[in-house]
Amino acid sequence: MEAGKGAQGGYVGRGAAGQDAPSAELAGHDSGTSWDYAPAPESREIVRIAPEYGLFVNGEFAPAASGRLFPTVNPATEEPLAQVAEAGPADVDRGVAAARAAYEQAWGPMPPAERAKYLYRIARILQERSREFAVLESLDNGKPIKESRDVDVPLAAAHFFYHAGWADKLEHAGFGPSPRPVGVAGQVIPWNFPLLMAAWKLAPALAAGNTCVLKPAETTPLTALLLAEVCQQAGLPPGVVNVLTGAGETGAALVAHPGVDKVAFTGSTEVGKQIQRTVAGTGKRLTLELGGKAANVVFDDAPVEAAVEGIVNGIFFNQGHVCCAGSRLLVQESVADAVVQRLRDRLGTLRLGDPLDKNTDIGAINSRPQLDKIRELSRAGEAEGAQRWSPPCELPERGFWFPPTVFTGVSQSHRIAREEIFGPVLSVLTFRTPEEAVTKANNTPYGLSAGVWTDKGSRILWLAQRLRAGVVWANTYNRFDPASPFGGYRESGFGREGGRHGLAAYLDA
Ligand code: NDP
C-alpha cells in the first residue's frame, strides 16, 4: 500500500487529514524514505456475530424482561455489530437470585478440586478459541489485533489457569486454616480490556468459591457474552456466572442489590466514588480499581533506546486506554531534548489504522464520547501553553481516531498533567534531581503505577520506596502477570487483583 493512503486505515506516513491530524509544520519528520507495507488483515470469518444477544442468566441466554436492546458498534468504522439486551432491575434480581442459588446448591458445596477443573476447562477453551476472541475483541473495542491476540486473550487464559491452581490450596494461602467464600460477587468492568477485565474479576472469585454477576461495559459487551458461551461449553453449573449487559444504570442496580455480598469495580474514579457511597453501611465488601496518572521517570543514565520503547509502550499501548498508562513522562533535563527527539523518530514508525490489520500499532478510540474527551483535554493543553506534536498521520474518515500525540513544555498545573486523558496523549515534564522527580511523580491525586528507567539498581530501589504507586516497573512498563498483585492508592482505589493478595477480596478469612 502506498504510504499515507489508508483504505480503512490511514497510518503514519505523509500528509494530514481529519480534525485531529497534525499540520506538516508540527510534524517535522520527513526522512525522505518510505516503507511500503502490504496490508495483512486478520479474517473476521472466524467470528459469527449474532444480530441479537440476550442476557446470560442461570446458564441460558434470554431477552431482558423489558425487551429493551442497545447497539454495540465497531469504533473503527461506526458499523453496528449487534443489538444487545439491556438488563433492568427485574433482570438484576433474576441474575442475583441465580447466583445465590448456584452458590448455595452447586458451587459452594462443590469440593475445591472439582471447582478447579472447571477453571482449567475455561482456560483451555479460551486458548482453543483464542483467534475468535481476539478478532471479536478488536471488532468491538477497536484495539489492534496484535494486542488482543498477544496480550488480552493469552493473559485472560493465564488468569483462569493461575486461579485454577489456587482453588484447592486456599487453606495454604495465608488467610487462616479454613477461609470461606464471601458469597455472590457483583462485578462491574470497563471497556478498555473487556475480556481481560472479565477474567481478572471472574477467575479469583470462582476459585475462592463465590458465584458472580458480571456487568460488562456498554460499548464492549461481546467478548463477555462469548465468555458466557465458553462457561456453557465448559459445563459450568447454571448460575455460577451470570452476565448482565447494559449501561451505567444496570451497574448501579447491581451494586445496590441487597443480594450481592461483594462488589468489585474497575472504571473511573467518579463512578468508583458513587459506588463507595452506595455500598457504605451495607456490610458489602468492596474493591475499587480506578484511574491513574502515572509518571514514567527517565534518568540521564538510562539506556535511551530501551527507555523510548518503554515510553511508547507506556502511553500508546491500547491507544492509551489504560488505567496504569505512563501518561506523564518525567525526563531528566540534561537528556530531555535527546529523549524527545528519539521518541518523535520512533512515533514516526507507528502505524495507525484498521485494528484487524496485523501491522497496526494504534487502533481506534473506543467511543465518540471518549474521543470528545481526548480532544477536549488536548485543546486545553494547547490553550494552557504546552506545545503539541504528532507524527504525520492520516486518520481514517469513518470511525473514532486520534493520532499519537506528545505535549512538551508541560507544567504541573496544566490539566493534561493532572487529569486522566485515557487516550494516546503523552505529557512531557522535566526534572533535575532525583528528589524533584519523586516530588513531581507523587504530585497527583492518583497512585496506581509508575515506571523508572536508570542504569543504577540502587536508584531504582531508592525511587521505588518513595513513589506512592501500587506498581512500580523498573526498566520496563505494562508488565502483567496473574501472580502479581495489581491495584492502587488514594484516588486510584483500594484492594488488589491478582496473586495471593487478590484472593483476599473474595475470601472471608
Ligand atoms: P465508567 O467508570 O463510567 O464505566 C465503568 C463501568 O461502570 C462500565 O461498565 C459502566 O457502564 C459502569 N457504570 C457507569 N456508571 C455506573 C454507576 N453509577 N454504577 C455502577 N456502574 C456504573 O467509565 P467510562 O466508560 O464512562 O469512562 C470515563 C472515564 O473513566 C474515561 O475517560 C477514563 O478516564 C476513566 N476510565 C478508567 C478506567 C480504568 O481502568 N481505570 C476504565 C474506564 C474508564 P457503561 O459502560 O454503560 O457506562
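Throughout, numbering of the chain's residues begins at 1 and tracks the sequence. Both backbone and side-chain heavy atoms feed into the values below; hydrogens, waters and symmetry mates do not. Remember, it's 1-based here, ligands and their atoms both numbered in the order they're listed. It should be emphasised that the depicted structure is a prediction, and the values quoted were computed from it without experimental measurement.
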- Item | Option whose closest heavy atom lies nearest to atom 20 (C) of ligand 1, chosen from G186, G251, A253, P194 | G251

- Task: Select the closest option to atom 10 (C) of ligand 1 among K293, K215, E218, judged by heavy-atom distance.
- Result: K215

- Item | Under 3.5 Å side-chain donor-acceptor pair for N296 and W453 | yes

- Message: Do T72 and D140 pair up side chain to side chain, a donor and an acceptor below 3.5 Å, judged on atom types alone?
- Response: yes

- Query: Does atom CD of E249 have more than 12 heavy-atom neighbours from other groups under 6.0 Å away?
  - Reply: no

- Message: With a cutoff of 4.0 Å, is G246 in contact with ligand 1, counting heavy atoms of the residue only?
- Response: yes

Name the closest protein heavy atom to [atom], giving the residue it belongs to and the distance to 0.1 Å.
atom                    : answer
atom 34 (O) of ligand 1 : K373 NZ, 2.8 Å
atom 44 (C) of ligand 1 : F422 CE2, 3.7 Å
atom 8 (C) of ligand 1  : I189 O, 3.4 Å

- Task: Would you verify that at least one protein heavy atom lies under 4.0 Å from atom 46 (O) of ligand 1, or report that none does?
- Result: yes

- Query: Is the closest protein non-hydrogen atom to atom 26 (O) of ligand 1 under 4.0 Å?
  - Reply: no

Report the part of [X] in contact with ligand 1, treating N, CA, C, O as backbone and CB onward as side chain, heavy atoms under 4.0 Å; options are side chain, backbone, both, neither.
X    : answer
N192 : side chain
I275 : side chain
H321 : neither
P369 : neither

- For F486 and W200, run ring pair (Phe, Tyr, Trp, His ring centres under 6.0 Å): C-alpha distance rounded to whole Å, both residues' side-chain angles, the deciding distance at 0.1 Å, then the answer. CA-CA 10 Å; F486 182 88; W200 277 34; 5.3 Å; yes

- Is any N or O atom of L290, backbone or side chain, closer than 3.5 Å to an N or O atom of ligand 1? yes

- Message: Does any N or O of ligand 1 fall below 3.5 Å from an N or O anywhere on E420, backbone included?
- Response: yes

